Amino acid sequence: MRRTYRGEAEDVWDAITSPERLPRWFAPVTGDLREGGTFQVENNAGGDIQRCDPPRLLRLTWGAPNSIVEVTLTAAGSDRTDLEVRHTVPLSVAGSAAGALYVGPGWDQGLLRLAQYLSGEDLGDLTTAENSIEGQEFSRGSIAAWADAVRASTLATEDQTTAAITAATTHFAPNL
């Protein structure tokens, strides 16, 4: 996933790595947030920080040693930064390409909240925002887009895709 954010790369980097700023748009994160350290996201995954090259590259494990998240930041002109997130999981863990539906909508939520935060919006309570009708409608749209991408990949059966859609909807948009 790639998004362009308002702000210099150093500020975007600080927003995605600072224990003080992360809870304002993502979640509280504890641990040793340096290369070689470990971390834990509150009520979510933890892992190891494999590479930390400020303000350009962050690579870490996410919940399992072979689930890798890599975040790359690139200057995109005056006061703009491109941020790319790649989350790779082996098929032996994901089951099929439909596994993208278990994490993709969550990353979409996080990247949206990062944009809102960097634009100066007060996000209030993040759980309330995610569970609002608007938040769940956003998640439903994200789930549909991920399902379209999975189907286009032809790397999952329709049964696998349907099961993943059901699981993602139950998790990310349970009240619609």
Side-chain angles (χ1 to χ4, degrees), residues 1-94 96-121 123 126 130 138-139 141-143 145-150 152-153 155 164 168 172:
M1 296 175 279
R2 180 178 293 198
R3 305 286 188 273
T4 301
Y5 293 101
R6 182 184 321 167
E8 300 295 331
E10 291 79 8
D11 185 53
V12 176
W13 177 268
D14 189 65
I16 68 169
T17 61
S18 167
E20 293 78 28
R21 293 179 75 185
L22 282 163
R24 297 179 197 164
W25 67 270
F26 184 63
V29 178
T30 57
D32 183 0
L33 304 181
R34 297 176 295 164
E35 190 167 320
T38 61
F39 70 93
Q40 179 63 52
V41 178
E42 185 176 281
N43 298 317
N44 205 314
D48 301 315
I49 300 173
Q50 296 181 331
R51 184 147 178 226
C52 185
D53 185 12
R56 300 178 309 142
L57 176 67
L58 179 63
R59 184 181 316 121
L60 47 89
T61 62
W62 187 262
N66 53 0
S67 173
I68 307 295
V69 173
E70 186 169 284
V71 181
T72 307
L73 281 70
T74 308
S78 178
D79 199 37
R80 297 274 183 221
T81 300
D82 287 337
L83 181 143
E84 183 175 324
V85 176
R86 291 177 185 242
H87 188 169
T88 56
V89 179
L91 281 177
S92 61
V93 174
S96 73
L101 283 151
Y102 299 114
V103 295
W107 287 118
D108 282 341
Q109 285 178 350
L111 295 177
L112 171 64
R113 288 192 313 266
L114 177 59
Q116 293 168 326
Y117 170 71
L118 290 171
S119 295
E121 289 185 40
L123 301 178
L126 299 178
E130 286 177 8
F138 174 83
S139 291
S142 172
I143 292 164
W146 281 100
D148 288 347
V150 167
S153 79
L155 297 173
F172 295 109

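The shown structure was predicted, so the numbers you read here are calculated from the model rather than taken from an experiment.
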- request: Using the side-chain contact (heavy atoms from CB on, under 4.5 Å) rule, take Phe39 and Thr30 through it: C-alpha gap first, then chi angles, then the decisive distance, then the call.
  value: CA-CA 6 Å; Phe39 70 93; Thr30 57; over 6 Å; no

Side-chain contact test, heavy atoms from C-beta onward, threshold under 4.5 Å: evaluate it for [X] versus [Y] and give yes or no.
{"X": "Ile16", "Y": "Leu73", "result": "yes"}
{"X": "Pro54", "Y": "Thr17", "result": "no"}
{"X": "Asn44", "Y": "Trp62", "result": "yes"}
{"X": "Val89", "Y": "Val103", "result": "no"}
{"X": "Pro90", "Y": "Asn66", "result": "yes"}
{"X": "Thr81", "Y": "Trp13", "result": "no"}
{"X": "Thr72", "Y": "Leu83", "result": "no"}

Taking all atoms of both residues into account, what is the closest heavy-atom pair of [X] and [Y], and its distance?
{"X": "Ser153", "Y": "Val150", "result": "OG-O, 2.6 Å"}
{"X": "Ala15", "Y": "Tyr117", "result": "CB-CE2, 4.1 Å"}
{"X": "Ala9", "Y": "Pro55", "result": "O-CB, 3.9 Å"}
{"X": "Ala100", "Y": "Pro105", "result": "O-CD, 3.9 Å"}
{"X": "Ala45", "Y": "Gly63", "result": "CB-N, 3.8 Å"}

query: If you measure from the Lys or Arg side-chain nitrogens to the Asp or Glu carboxylate oxygens, is any gap between Asp108 and Arg3 under 4.0 Å?
result: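 The answer is yes: the pair qualifies as a salt bridge.
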
query: Who are the salt bridge (charged side-chain N to carboxylate O under 4.0 Å, His left out) partners of Arg2, not counting sequence neighbours?
result: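 Residues passing salt bridge (charged side-chain N to carboxylate O under 4.0 Å, His left out) with Arg2: Glu84.
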
field: Test salt bridge (charged side-chain N to carboxylate O under 4.0 Å, His left out) applied to Asp14 - qualifying residues, sequence neighbours left out
entry: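 Here the qualifying residues are Arg21.
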
Distance, nearest 0.5 Å, that separates [atom1] of [X] from [atom2] of [Y]:
{"X": "Leu60", "Y": "Glu35", "atom1": "CG", "atom2": "CD", "result": "11.5 Å"}
{"X": "Thr61", "Y": "Arg59", "atom1": "OG1", "atom2": "CZ", "result": "11.5 Å"}
{"X": "Glu70", "Y": "Leu57", "atom1": "CD", "atom2": "CG", "result": "5.0 Å"}
{"X": "Tyr5", "Y": "Leu114", "atom1": "OH", "atom2": "CG", "result": "4.5 Å"}
{"X": "Leu112", "Y": "Ser142", "atom1": "CG", "atom2": "OG", "result": "10.0 Å"}
{"X": "Glu8", "Y": "Arg80", "atom1": "CD", "atom2": "CZ", "result": "10.5 Å"}

message: Are Trp146 and Trp107 an aromatic pair, judged by ring center distance below 6.0 Å?
response: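 Not close enough - the centres of the two rings lie 6.0 Å or further apart.
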
Glu121 vs Ser119, side chain to side chain donor-acceptor pair (under 3.5 Å): CA-CA, chis, key distance, verdict: CA-CA 6 Å; Glu121 289 185 40; Ser119 295; 5.5 Å; no

Sequence neighbours excluded, which residues qualify as side chain to side chain donor-acceptor pair (under 3.5 Å) partners of [X]?
{"X": "Ser139", "answer": "Gln109"}
{"X": "Thr4", "answer": "Asp82"}
{"X": "Ser67", "answer": "His87"}

side-chain contact (heavy atoms from CB on, under 4.5 Å) between Leu91 and Val93, worked out: CA-CA 5 Å; Leu91 281 177; Val93 174; over 6 Å; no

task: Show your working on side-chain contact (heavy atoms from CB on, under 4.5 Å) between Arg113 and Phe26 and close with a plain yes or no.
output: CA-CA 7 Å; Arg113 288 192 313 266; Phe26 184 63; 4.2 Å; yes

Distance-only donor-acceptor pairs under 3.5 Å for side chains of residues 46-53, two or more places apart:
from: Asp53; atom 1: OD2; to: Arg56; atom 2: NE; distance (Å): 3.4
from: Asp53; atom 1: OD2; to: Arg56; atom 2: NH2; distance (Å): 2.2

task: Check step by step if side-chain contact (heavy atoms from CB on, under 4.5 Å) holds for Ile143 and Leu101.
output: CA-CA 7 Å; Ile143 292 164; Leu101 283 151; 4.0 Å; yes

